Amino acid sequence: MANTKEIKDRIKSVRDTQKITNAMYLIASTKLQKAKSELDQTRPYFSALQGEIKRIFRTSAHVQSKYLYPEEGSATLNGTYGILVITADKGLAGAYNQNVIRQVQKMLADHADTKLFVVGEYGRQFFLQHHIPIERSFLYTAQNPTMQRAREISAILLDFFDRRQLDKIFIVYTDLKSGMAEEARQTRLLPFHRAQFASGPEEAKVSESFEFQPSMTAVLDNLMPSYVSGFIYSALVDSFCSEQEARMTAMDSANENAQKILDNLSTQYNRVRQGAITQEITEVSAGAKAQRMKRMKEVSGT
């Protein structure tokens, strides 16, 4: 059994670790609130942008665009796919990164002709270690996503799509659902289905006459890149928020486990200390008894 010094050293080590996990929990909480606030500030613009795209479809449901999915009866798009993978730069976030990786592996198994575009150091290292080719790795950090980075990613993906090097582009990220629960999900980024911009029953067909210059298709093609950038930015922020939420959950569990270890160590320390005290008392009592017996023998011998 360990002695009191060893147990006290272990208690100190666990408490030091607990300080680190507490600090990481607080940092993740602060980053989460900041990222959600920045996303909320940009939502009105992209909501308005989506509204304008819907206005076009309410004006003409059969408008054509290179960014739209072919209508029924057209040739299927089974060529080269692209996947934008969003992971974190580090671990200590529960199953956050593993859930995204599993989703990508499943997609690669279903469609081998796929190019990967990776955000986040964790994803880069995983694919490199498993000898999975990466078409483009965005080397800036996954921390603190910005609209500028989203536009850079969007421009590269759109260039591949416009040059017909990719027939479909998917994005795999972690969505922070209501109730602060995370879920790894895949979404087709390009081409769009018209149904994504379908009007609800409360939105009647536009009766006013709108004029689109130079054409309705040109206006739609000009709006779509901005919409893609907004979607990517939203996915980056959602993933970042999900990472912080997952890290908060992991650190909270680590704190609880550390407290359980401390409670067990404290109990063990008290038992060892009480055993040592009892042994000292026993030794003192035995020594005192031996001294009395010795004096009694000396007295009786005289």
Side-chain angles (χ1 to χ4, degrees), residues 17-18 20-33 35-36 39 81-145 149-150 153 157 168-189 231-258 260-261:
T17 302
Q18 196 175 37
I20 295 173
T21 56
N22 273 324
M24 293 182 67
Y25 179 92
L26 295 174
I27 292 171
S29 176
T30 302
K31 289 182 177 181
L32 174 63
Q33 297 303 322
K36 289 181 66 177
L39 179 62
Y81 292 177
I83 303 178
L84 175 61
V85 186
I86 302 177
T87 64
D89 290 322
K90 55 188 176 182
L92 297 177
Y96 168 81
N97 290 300
Q98 289 80 2
N99 290 338
V100 172
I101 296 298
R102 280 196 292 269
Q103 189 76 33
V104 174
Q105 288 178 313
K106 182 177 181 298
M107 295 177 68
L108 290 175
D110 293 339
H111 192 88
D113 187 9
T114 299
K115 296 180 179 180
L116 297 181
F117 301 80
V118 182
V119 175
E121 187 63 26
Y122 190 98
R124 284 194 289 271
Q125 293 302 321
F126 177 88
F127 294 124
L128 289 174
Q129 291 172 8
H130 291 78
H131 307 291
I132 300 175
I134 298 176
E135 179 66 26
R136 183 67 180 267
S137 182
F138 301 100
L139 297 179
Y140 44 71
T141 174
Q143 303 291 312
N144 303 321
R149 291 175 179 174
I153 296 172
L157 293 176
K168 290 183 182 180
I169 300 177
F170 296 86
I171 180 170
V172 179
Y173 68 104
T174 307
D175 184 25
L176 187 64
K177 302 188 299 181
S178 59
M180 305 301 282
E182 314 95 39
E183 178 186 24
R185 59 179 297 183
Q186 72 171 68
T187 301
R188 190 181 67 250
L189 193 59
F231 192 98
I232 292 175
Y233 176 67
S234 178
L236 288 171
V237 176
D238 271 340
S239 293
F240 181 69
C241 290
S242 298
E243 177 194 350
Q244 304 311 317
E245 177 63 26
R247 183 162 291 114
M248 288 171 61
T249 301
M251 294 303 102
D252 188 52
S253 297
N255 286 333
E256 292 180 1
N257 292 335
K260 290 179 181 178
I261 293 174

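In this text, all values refer to a predicted model and were calculated from it rather than measured experimentally.
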For Arg136, all residues meeting salt bridge (charged side-chain N to carboxylate O under 4.0 Å, His left out), sequence neighbours excluded: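 Arg136 satisfies salt bridge (charged side-chain N to carboxylate O under 4.0 Å, His left out) with no residue once adjacent residues are dropped.
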Could you pull out all residues at least two apart from Lys106 that satisfy salt bridge (charged side-chain N to carboxylate O under 4.0 Å, His left out)?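 Listed in chain order: Asp110.
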Please lay out, stage by stage, how Phe126 and Val118 fare under the test side-chain contact (heavy atoms from CB on, under 4.5 Å). CA-CA 11 Å; Phe126 177 88; Val118 182; over 6 Å; no
Just how far is it from atom [atom1] of [X] to atom [atom2] of [Y], taken to the nearest 0.5 Å?
{"X": "Ile101", "Y": "His130", "atom1": "CD1", "atom2": "NE2", "answer": "9.0 Å"}
{"X": "Ile83", "Y": "Gln103", "atom1": "CD1", "atom2": "CD", "answer": "9.0 Å"}
{"X": "Met107", "Y": "Thr114", "atom1": "CE", "atom2": "OG1", "answer": "7.0 Å"}
{"X": "Ile153", "Y": "Ile171", "atom1": "CD1", "atom2": "CD1", "answer": "8.0 Å"}
{"X": "Phe127", "Y": "Thr87", "atom1": "CZ", "atom2": "OG1", "answer": "7.5 Å"}
{"X": "Ile27", "Y": "Met251", "atom1": "CD1", "atom2": "CE", "answer": "11.0 Å"}

Could you pull out all residues at least two apart from [X] that satisfy side-chain contact (heavy atoms from CB on, under 4.5 Å)?
{"X": "Ile20", "result": "Met24"}
{"X": "Ser137", "result": "Arg124, Ile134, Leu139"}
{"X": "Ala254", "result": "Thr21"}
{"X": "Ile169", "result": "Leu157, Phe161, Leu166, Leu189, Leu190"}

Would you name the heavy atoms of Pro133 and Leu116 that are closest together and state the gap between them?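 It is O-CD1, 3.8 Å.
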Does anything in residues 94-104 pair up under salt bridge (charged side-chain N to carboxylate O under 4.0 Å, His left out), and if so which pairs, sequence neighbours excluded?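 Counting only pairs at least two positions apart or across chains, no salt bridge (charged side-chain N to carboxylate O under 4.0 Å, His left out) contact touches residues 94-104.
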Which residues pass the ring pair (Phe, Tyr, Trp, His ring centres under 6.0 Å) test with [X], not counting sequence neighbours?
{"X": "Phe117", "result": "Phe160"}
{"X": "Phe170", "result": "Tyr81"}
{"X": "His131", "result": "none"}

Determine yes or no for a side-chain-to-main-chain donor-acceptor pair under 3.5 angstrom, with [X] supplying the side chain and [Y] the backbone.
{"X": "Asn97", "Y": "Gly123", "value": "no"}
{"X": "Ser242", "Y": "Thr174", "value": "yes"}
{"X": "Ser239", "Y": "Ala235", "value": "yes"}

Should Ile86 and Val100 be marked as a side-chain contact (heavy atoms from CB on, under 4.5 Å) after you check the CA-CA gap, both sets of side-chain angles, and the distance that decides it? CA-CA 8 Å; Ile86 302 177; Val100 172; over 6 Å; no
Output all residues satisfying side-chain hydrogen bond (donor to acceptor under 3.5 Å, both in side chains) with Gln98, sequence neighbours left out; order by chain, then residue number.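 Gln98: side-chain hydrogen bond (donor to acceptor under 3.5 Å, both in side chains) contacts with Tyr122.
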So, using side-chain hydrogen bond (donor to acceptor under 3.5 Å, both in side chains) as the criterion, who are the partners of Tyr173 when residues are at least two apart?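 So Tyr173 forms no side-chain hydrogen bond (donor to acceptor under 3.5 Å, both in side chains) with any residue.
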